[in-house]
Amino acid sequence: MTDPLSLDDDFTPRPGGLAARARASVATPQPYLSGLNPEQRRAVEATDGPVLVLAGAGTGKTRVLTTRIAHLIASGLAYPSQILAVTFTNKAAREMKERIGHLLGGVAEGMPWLGTFHAIGTKILRRHAELVGLRSDFTILDTDDQLRLMRQVIQAEGIDEKRWPARALAAFIDGWKNRGLTPDKVPSGEAAAFAAGRGAKLYAFYQARLKQLNAADFGDLLLENLRLFREHPDVLMGYQERFRYILVDEYQDTNVAQYLWLRLLAQGRRNVACVGDDDQSIYGWRGAEVDNILRFEHDFPGATVVRLEQNYRSTGHILASASHLIAHNTDRLGKTLHTEDEEGEKVTLTGAWDSEEEARLIGEEIEALQAKGHSLADIAVLVRISAQMREIEDRFLTLGLPYRVIGGPRFYERLEIRDALAYLRCVANPADDLAFERILNTPKRGLGDATLEVLHRFARAKSIPLMQAARLLVETDELKPKPRGALRDLSTSFARWAAQVDAMKHNELAEMVLEESGYTEMWQKERTAESAGRLENLKELVRSMEEFPDLAGFLEHVSLVMEMIDDDATERVSIMTLHGAKGLEFDTVFLPGWEEGLFPNQRALDESGKAGLEEERRLAYVGITRARRRAKIMFASNRRIHGMWQSTIPSRFVDELPESHVEVTEAPASFGGYGGSRFDRMTPFGSSYNTPGWQRAQERTRQGGGSGGSGGGFGERDAGSYRPPGRKSGPMLLEGELVAKSTGASSAFAQGQRVFHIKFGNGTVAAVDGNKLTIDFDKAGRKMVLDSFVQAA
């Protein structure tokens, strides 16, 4: 076994080296300490025993971490190789090295133990691989290889992979490894959740197969470290002696395995400093345990706790709003952010009639900011779920606003959306070979490369499209029985769907295609957080189709959107989820979708109860504190959810905002000419949202204070129906469909009259049927609309 204490040339203490440097540091003031506030300096100089640094948003935690490392080295308390500094991302590790190098010179390059949990775990594992049944040149599997190996294990056990897919098993095993559970430690109840109780057995087979392949997956990089330390205490003791100081960034995001790994290493010298913010623990869905930071003082008795509360990012109103909101959480260590900056603009709260108007308002406000000279690069839109992005992206494309999606592809570029569009393209155009090739074996039908090669060869010989070639081939013996049957079923399905193009509503047809093809079921079976998001995106795709006259019109729109190439402008609005925004900051932040069920997310509430609600509230806190100068919270009074129009109530988080720091702004009337405030008609039917703050806001609106104060301006309207703004009677939206029946009364508009519609623009009335108008719009073509939705041009 390799001696871990002899791995670095500079590990062996030099007589008098550290002591001499320590004496010199006392005599010489250190420039790197200048500019630190008292709390930051205390966090840097507290070098004896465990330290917990509670670093609020924008309080300079990275500066504290890097300065602390610089101080340990410059003061002679440790050599660079005796410091373990753990981050969560490679980007954070690089930034830390650069900052330390700036403070002390090139010394950061001599820090072999500065990196991510998994990078350091890999380094340790390679040096002691033989002790855990591996060779030092073991392979780290990527996700595709991991899934391929799991499929082999499932098939070897004779389990139906369609019923128990590899991705679902991967999610279980990843969760167990995040909690430091080896196969023999998996609770029987959890093992029973997969393949009729065989989950733990499959996990054990998978681990054994990894050893045979001399491979490890991502979770093993820490799990095998834990086994190594527990089974070989001499190795653990060596590393405990080596690391004089341990520093951990983003401690609130550690999972159980990471926590156990750190605990084992820190039990040696106990000089462990953890930096984090319990108010920003938002990754519980992927294994993070906020309890790790909450119980730090219990784990390390006598720990020094330093609270960094001076914020250097946001204005006073933004900080006060965020602090007041997060104070409603009970499971927190507590701190109150403050700033020496100006109070700035109040947090604004705006209600929109529906999600489409919400997107329009965001676009208009961004254009107004741009006209005042604000950089688009300093503006972000933060959504709770990725499905919210579609309408916002479409609006930005309409306005020509350059944007980028952070943390993922644009809506129409997402995997599940491209697959769904490929199905629809095949229905609309049987000659679309590229689309057919994409979905031929998605979901899995046993139609692999060999089948595709036969199809291509036959299609080229006959000069016909692939789909036509498939229909002809299934009537021959060219293919083996199993792929021939699968291809026949697929061809029959496409023929059936194509026959419905003119008979069915195109959005209903799309839903039928995704269901009958097995594509929706494929993602439902995954049972992961990622698959849930994909299903939401598919629902949003189907919902968005209603805005177009037919399938061809929708596919044409998508093609134009996909072909739109932004210019080389470096300034773009950023769109991302709230989870993806952590660690970022912008001058202006838009926060749409603050409605019950969406945010806080109903799934989080159903699955985790109080813990889920508190994590959702922490997510709201993270969203607000991304803003430096302007935070703009929005909600819609009506939103399409699971294909159904539903009236929504504002999020409970809205009422938890402090009245004195929030300004309620009224959205401009979408259907002009009707006068009055729309907010007095926006309380959704069936709402029991009667908290004290909400009642104050309603009272303020009744008294004419619709644009000031907090939580107000949302008023009341008659219960029981969804009515367009400005309309006191008429059609309702029932089960997602506009029942546009003529009232029999003659319309005030006449044939040939020029009119304006907020969505379709200017047009000419072609025909009048009661209160229904057929209008030839200048840009949108012929549409049938209700007269209450237009006004004279």
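In this chain, numbering begins with 1 at the start of the sequence shown.
Salt bridge Lys444/Glu161: absent, no basic N to carboxylate O contact under 4.0 Å. At a threshold of 4.0 Å, the pair Asp217-Lys177 counts as salt-bridged, since one of the basic side-chain nitrogens sits closer than that to a carboxylate oxygen.
In the displayed structure, Arg404 atom CZ is contacted under 6.0 Å by at most 12 heavy atoms of other residues, nucleotides or ligands. With a 6.0 Å radius and a threshold of 12 heavy atoms from other residues, nucleotides or ligands, Gln212 has its CD atom above the threshold. No more than 12 heavy atoms of other residues, nucleotides or ligands lie within 6.0 Å of CG in Asp449, so this atom counts as exposed by the packing criterion. Applying the 6.0 Å contact sphere to CD of Glu297 captures no more than 12 heavy atoms from other residues, nucleotides or ligands.
There is a side-chain donor-acceptor pair under 3.5 Å between Asn292 and Thr254. A side-chain donor from one of Tyr259 and Arg263 sits under 3.5 Å from a side-chain acceptor of the other. For Asp279 and Asn329, the side-chain atoms include no donor-acceptor pair closer than 3.5 Å. Between the side chains of Asp220 and Gln207, at least one donor N or O sits under 3.5 Å from an acceptor N or O.
In this structure, Phe138 and Arg126 have side chains that are in contact, with non-hydrogen atoms separated by less than 4.5 Å. Residues Phe458 and Leu479 have side chains not in contact (no heavy-atom distance under 4.5 Å, counting atoms from C-beta outward). Proximity of Tyr239 to Leu264: side-chain heavy atoms (C-beta onward) are nowhere separated by under 4.5 Å. Looking at heavy atoms from C-beta onward, Tyr283 lies out of side-chain contact with Asn255 at the 4.5 angstrom threshold. For the pair Val248 and Gln258, the minimum side-chain heavy-atom distance is 4.5 Å or more.
Of the options Arg68, Lys91, Lys61, a salt bridge (charged side-chain N to carboxylate O under 4.0 Å, His left out) to Asp249 is made by Lys61 and by none of the others. When each of Arg438, Arg425, Arg414 is tested with Asp419 by the rule salt bridge (charged side-chain N to carboxylate O under 4.0 Å, His left out), just one qualifies, namely Arg438.
A salt bridge (Lys or Arg N to Asp or Glu O under 4.0 Å) check over residues 206-215, counting only residues at least two apart or in different chains, returns the pairs Lys211-Glu224.
How far NZ of Lys610 is from CD of Glu614: 4.0 Å, rounded to the nearest 0.5 Å. A distance of 11.5 Å separates CD1 in Ile246 from CZ in Arg270, rounded to the nearest 0.5 Å. Interatomic distance, CG of Leu169 versus CD of Gln146, reported as 9.0 Å (0.5 Å rounding). Interatomic distance, CD1 of Ile140 versus CG of Leu125, reported as 8.5 Å (0.5 Å rounding). Note: Gln524 CD to Ser531 OG = 9.0 Å, rounded to the nearest 0.5 Å. Rounding to the nearest 0.5 Å places CG of Leu538 at 6.0 Å from OH of Tyr519.
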Check against side chain to side chain donor-acceptor pair (under 3.5 Å), Gln252 and Glu250: CA-CA 5 Å; Gln252 79 281 349; Glu250 303 285 10; 2.7 Å; yes
Test log, rule salt bridge (Lys or Arg N to Asp or Glu O under 4.0 Å), inputs Glu98 and Arg94: CA-CA 6 Å; Glu98 289 171 2; Arg94 287 194 301 271; 5.8 Å; no
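Between Phe88 and Phe117, the two ring planes are perpendicular [angle over 60°; tilted spans 30° to 60°]. Between Tyr251 and Phe296, the ring planes are perpendicular. Angles over 60° get that label, and only those under 30° would be called parallel.
With sequence neighbours excluded, the residues that form a ring-ring contact (aromatic ring centres under 6.0 Å, His included) with Phe599 are Trp594, Phe653. Glu190 meets the side-chain hydrogen bond (donor to acceptor under 3.5 Å, both in side chains) test with Trp176, Arg179; sequence neighbours excluded.
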